[in-house]
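Throughout, protein chains are lettered first and strands after them, A, B, ... in sequence-line order, and every chain is numbered starting at 1.
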There are 2 protein chains.
Amino acid sequence: MSRHSGVNRATIKQVARLSGVSIKTVSRVINGAVYVSAQTRRSVTDAINRLNYRPNALARGLVTRRSRSIGLVIADIVNPFFPPFVRSVEDAAAARGYNVILCDTDEDRGRERAAISLLLEKQVDGLILCASRLPAAFLMAVADSGILLVLVNRVLRHPRAAAVVVDAAEGGRRATAHLLDLGHRRVAYLSGPATSFSHIGRLRGYRQALDARGIAFDPEIVAGGAASIVAGGEAAAKLMSLKRPPTAIFAFDDLMAIGAMEDLRRQGRRVPGDVAVVGFDDIDMAAFVAPPLTTVAQPKAEMGRLAAARLLEMIKTSSPPSPRTVTLTPELIIRRSCGWYKEAAT
Amino acid sequence: MSRHSGVNRATIKQVARLSGVSIKTVSRVINGAVYVSAQTRRSVTDAINRLNYRPNALARGLVTRRSRSIGLVIADIVNPFFPPFVRSVEDAAAARGYNVILCDTDEDRGRERAAISLLLEKQVDGLILCASRLPAAFLMAVADSGILLVLVNRVLRHPRAAAVVVDAAEGGRRATAHLLDLGHRRVAYLSGPATSFSHIGRLRGYRQALDARGIAFDPEIVAGGAASIVAGGEAAAKLMSLKRPPTAIFAFDDLMAIGAMEDLRRQGRRVPGDVAVVGFDDIDMAAFVAPPLTTVAQPKAEMGRLAAARLLEMIKTSSPPSPRTVTLTPELIIRRSCGWYKEAAT
DNA sequence: CTGTTAGCGCATTCAC
DNA sequence: GTGAATGCGCTAACAG
C-alpha cells in the first residue's frame, strides 16, 4: 500500500507514457477537445481504460479555478420541507456534472458561519443558502470575496447574489383569510423561529388579513418559537389554557400544526370541530395525518430547481443574475383540518 | 473582476509577504503546528485576518492526498428513511472537519456508477454506500482502487470495506410473528425493489416465521416491487381483489404500508378491523397516520453515526476495519394498525 | 525556531 | 496535429 489510501491511482503522465503520446494530448482527449487524430484518440482511451485512469479533480480545479462543486446550506435535512428541495438542487447539479456538498446548520449562526467557511476553502463554485440567519453585512462580505450566492427565502443586494423566494406574507394572508372566511374571529398564530425571515413574513401576512377584516391583533394568542412537532404541541397547550382560547390556529409550519393537532386531541378537543388548524409547507405527511391538514404549499422542488439553475447559470456566464430575485406564490391546499368550506364571501 | 469568479482570494504567499516571514512559517501556523514563536504567530494571524485569507483545500489536498470530504451515496433523500441517516453522518463528519458530498441514485445502477466515479475523481477520502445495487465485483474493483468503503445493509469481503447492517431477516420474522400471534393465518407481503438486499432479507424472515408455524408460503399473496406510497396502494388493491384476500399485510417499508392503508380505506375496509398492517423503518410519519402504524424500527440515526464513525476511523488509521461488520437488531414498535395485542404465546 | 527547494496532477501558453 | 515548459497554492523534507 503506498503512502495513503490511494493504491494504484494512475496519473495522466502514466497514460501518456503507455499510449506513447505527450501529456497534453491525453489532456486533450479527456477534455473532449478537437484536433486529435482518431488513431491517437483510440490509443489514449485504451491506455486510460487499461490503467483505470481517473482525472484528479483537485489538480484540475487548482489550475482551472473551478471545482465543479456547489455548497448547499440548509437548516436541517430532517425537517420534511428540505428533502424535496435538496433533491431537486441535486438533480439539477448532477445533470450538469456538478456535485453538491450538503451542510446542516440547525439554524445556528455559528454553525452556518463555519459551514460557509469550510465550503469556501473547498473552493465551491457557488453557494445556495436556504433561509440564512446571518447578518446581511456578513453575507455581503462573503459575496465580496468572489463567490456566487443564491439565497432562498431571503434577498441580498449584491451583484453576485440572486434569490428565490416564496411570498411568505401572501401565504400568511391566504391561510388567515381562509380561517376568517370560515367564520373564525379568534385566530391564533403559532410562531416559528424569531430570526426566521419566513416567520416574519408569515406573521405580517397574518396581521394584514386580520386588519383587512378589522380584527384587532392580539399578541396573547401568538405563541411558539421553534419549528417542530413538540414546539407546536406546547404552544397549542399554552394557547388553549387561555381564558379566551382561539377557535382557529394558523401554524408557522406543518410540523407545528401537526404537533398542535396532536395536543388538541390529547386534550379531548376535536379538529376541526372545536379548533380549526392551518399549516404551512405542505410536507408529505400533511395529507396523511388525521384529519388531513389544510396548509399553504411551498413549491419545494421548484424552489430547488430554480435555485440550482440560477446558480449554475451564474457560474457559467459569471455575470450578475437577472432578474435578481424570482418570487413564487404559495398556494392554499384545502383538506380537512378546518372543516367544511362553503365558499364564503370575503 | 479577475479571470473567474474569485476576486480577492489571498494566497499563502501574500500572507507571508505581509507578515514578513516565509511561506512555510505561515503554513505552520495555519496547521496549528508547534514551534512558532508567539510573536511570529501573532503577526501571521494578523496578516491572515487583514487579507481575509483562506487556505485552498484543493491545493492542500493535492499534496496531502486527503480531501477531507467523504461521499455519501443513497437512493433518494425524499424517502423519509434517509434524512435521519444522512443527518447523523453529516454531524459525525462535521465534528471532525469533514464535508459530505451527497448523491442520490434512485436505485438506478447507472446513476450509482456515475456518482461513484465522480466522487472518486473528487478524491473523497472514503465512501458510504447505502444499500448499493452494484455487483460485488464492481465494488471490489472500486475498493481495489484504494478507496475506503462503508456499506450499509450490505456486506463486501474486502480489506478496505466495512459494513453496518440491520438484521433484515430478524425484522421480517418479528413483523410476521406479530401478525401470526394475533391470530392471522393469511399474511401477505408487500415486496420492495427486487434487487434490494433489504427486501430479500425481510422476505426471508417472513418465510421463516411462516415456516415456524407450519404455514405454507403462498406466492399469490406477495405483491409490489417499489418502495413508495403509490406502489403500496396498488399492491394492496391487487391483493384484496384476490379470491382469498389476506387478513394481514406485512409491508416492505412504511411508505408501502401507508399506501396500502390509504387504499384499504378507499375500499371501505377498516384497519385494523378488517386488515392488519405492519410496516418497516419507523419513519416519522408512521406515528401520525391514522391509525398509527405498527412497524419494525431501523435505528436510522445510529446507523448513520456508526457508518460515519467507522469510515472516519478507517481514514485516520488507514487500517482494515474491525470487526468488518457491525449488525444492529431492528425493533418492533407496536401501535394501532394491528389491533389490540394480547401478549399471545409464540 | 525558521527558510529553501521540490513537486502533488493537471491545463495551458507557445513552438514545431 | 502534437510536444516541452511553466505554474496553480500548498506541504514536506532537509538544512540552518
D/dC10 C1' sits how many Å from B/R68 CZ, rounded?
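Between C1' of D/dC10 and CZ of B/R68: 15 Å.
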Could you check how far CZ of B/R66 sits from C1' of C/dC8, rounded to whole Å?
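Interatomic distance, CZ of B/R66 to C1' of C/dC8: 15 Å.
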Which nucleotides of nucleotides 9-16 of chain C have their base under 4.0 Å from a protein heavy atom (B), which only their sugar-phosphate (S), and which neither (-), written as one string 5' to 3'?
BBSB----
With [X] via side chain to side chain donor-acceptor pair (under 3.5 Å) - residues at least two apart:
{"X": "B/R154", "answer": "none"}
{"X": "B/R111", "answer": "A/D91, B/D106"}
{"X": "A/K300", "answer": "none"}

Salt bridge (Lys or Arg N to Asp or Glu O under 4.0 Å) against B/R68, all qualifying residues, sequence neighbours excluded
none
Output every pair passing salt bridge (charged side-chain N to carboxylate O under 4.0 Å, His left out) with a member in residues 301-315 of chain A, not counting sequence neighbours, ordered by first then second residue.
A/E302-A/R305
